[in-house]
Amino acid sequence: MAAVALVSVIGLAPDAYAGSCKTVNYFPGVVQVFGTAKGTATADDSAYCTAVNACPSGARKVEVIGLGVASAAGSTVAVSSTGKLASGDEVSASCEAALKAGKTGKALAGACSQQASATETVTEADCALLVAAPANGSAAANATCFCGAD
């Protein structure tokens, strides 16, 4: 459900994810997802990466931080952290990084962060990252997701 929401929020409907993904689980409550996308001369590319992480006892908050770099305008970095509550409901935090040119004007970079709190326990969190690059472009990004106490 969070995956569908993340894709629909940014208006993309990719039908294949040729990009690459990597995941690092640090410990309960912290996971990092990395993704890269490289467009060819004639086609865009994207990577949709996810990881599920158990939350520590007493967690009532989810948070996501997204960072991305890209070689071309039209690249996208969107991240989300969706926590599953003990009741079966969900709490979600998501954002899209605004990629802007740096001092040289040759590379784009951006960051975003968001958090959401719940009144009941968050048992696990789904960390998601969508990175997309236009034809002849490339992009790399990561999402760092946390769940824990307020």
Side-chain angles (χ1 to χ4, degrees), residues 1-40 43-72 74-100 102 107-134 137-150:
M1 182 175 207
V4 173
L6 182 61
V7 172
S8 66
V9 163
I10 61 171
L12 295 177
D15 45 34
Y17 300 108
S20 66
C21 298
K22 293 190 185 318
T23 301
V24 177
N25 283 298
Y26 292 101
F27 44 82
V30 181
V31 64
Q32 200 165 33
V33 180
F34 301 89
T36 58
K38 184 167 177 61
T40 65
D44 299 350
D45 188 29
S46 62
Y48 179 68
C49 312
T50 64
V52 176
N53 193 19
C55 296
S57 167
R60 295 191 184 276
K61 175 175 77 170
V62 294
E63 183 174 1
V64 63
I65 299 170
L67 303 167
V69 293
S71 66
S75 298
T76 301
V77 172
V79 297
S80 74
S81 180
T82 301
K84 293 184 182 10
L85 305 179
S87 66
D89 289 335
E90 296 179 340
V91 61
S92 186
S94 62
C95 60
E96 183 176 351
L99 300 175
K100 298 179 181 175
L108 306 171
C112 69
S113 66
Q114 194 64 255
Q115 63 181 342
S117 297
T119 58
E120 59 185 280
T121 303
V122 180
T123 58
E124 68 178 22
D126 180 11
C127 188
L129 163 69
L130 177 65
V131 58
S138 60
N142 76 11
T144 304
C145 297
F146 306 92
C147 53
D150 258 337

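Keep in mind the model is a prediction, meaning the values are calculated, not measured.
- Proximity of T23 to C49: side-chain heavy atoms (C-beta onward) are nowhere separated by under 4.5 Å.
- E120 is linked by a side-chain hydrogen bond (donor to acceptor under 3.5 Å, both in side chains) to S87, counting only residues two or more places apart in sequence or in another chain.
- Residues passing the side-chain contact (heavy atoms from CB on, under 4.5 Å) test with V30 are Y26, F27, F146, sequence neighbours excluded.
- Here the closest heavy-atom approach between residue S20 and residue T36 is recorded as OG-OG1, 2.6 Å.
- Between the CG atom of N25 and the CD atom of Q32 there is a distance of 10.5 Å, given to the nearest 0.5 Å.
- The minimum heavy-atom distance between A128 and Y48, with the atom names listed, is CB-OH, 3.7 Å.
- Inter-residue side-chain proximity for N142 and V79 is flagged as unmet; no heavy-atom pair is nearer than 4.5 Å.
- S138 contributes no side-chain N or O that, together with a main-chain N or O of S71, makes up a donor-acceptor pair within less than 3.5 Å.
- Put simply, the residue from L99, V69, D44, V131 that forms a side chain to side chain contact (heavy atoms under 4.5 Å, CB included) with S75 is L99.
- Although no hydrogens or angles enter the test, the distance criterion places no donor-acceptor pair under 3.5 Å between the side chain of R60 and the main chain of S117.
- The OG atom of S92 lies 10.0 Å from the NZ atom of K84; values are rounded to the nearest 0.5 Å.
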Step by step, would you call V91 with T82 a side-chain contact (heavy atoms from CB on, under 4.5 Å)?
-> CA-CA 6 Å; V91 61; T82 301; over 6 Å; no
Please report the C-alpha distance between S94 and S80 in whole Å, then the side-chain angles of each, then the deciding distance to 0.1 Å, and finally whether the side-chain hydrogen bond (donor to acceptor under 3.5 Å, both in side chains) criterion is met.
-> CA-CA 4 Å; S94 62; S80 74; 5.9 Å; no
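- Although no hydrogens or angles enter the test, the distance criterion places no donor-acceptor pair under 3.5 Å between the side chain of S81 and the main chain of A93.
- Taking each heavy atom of D45 and G39 in turn, the nearest pair found is CB-N, 3.8 Å.
- Residue E96 holds its CD atom at 9.0 Å from CG of L130, rounded to the nearest 0.5 Å.
- Taking all atoms of both residues into account, the shortest heavy-atom contact from V64 to A143 is CG2-CB, 4.4 Å.
- Here the shortest heavy-atom pairing between G137 and A72 reads CA-CB, 4.1 Å.
- Smallest separation of non-hydrogen atoms from N53 and G29: ND2-N, 3.2 Å.
- L85 contributes atom CG, which lies 7.5 Å from atom OG1 of T123 (distance to the nearest 0.5 angstrom).
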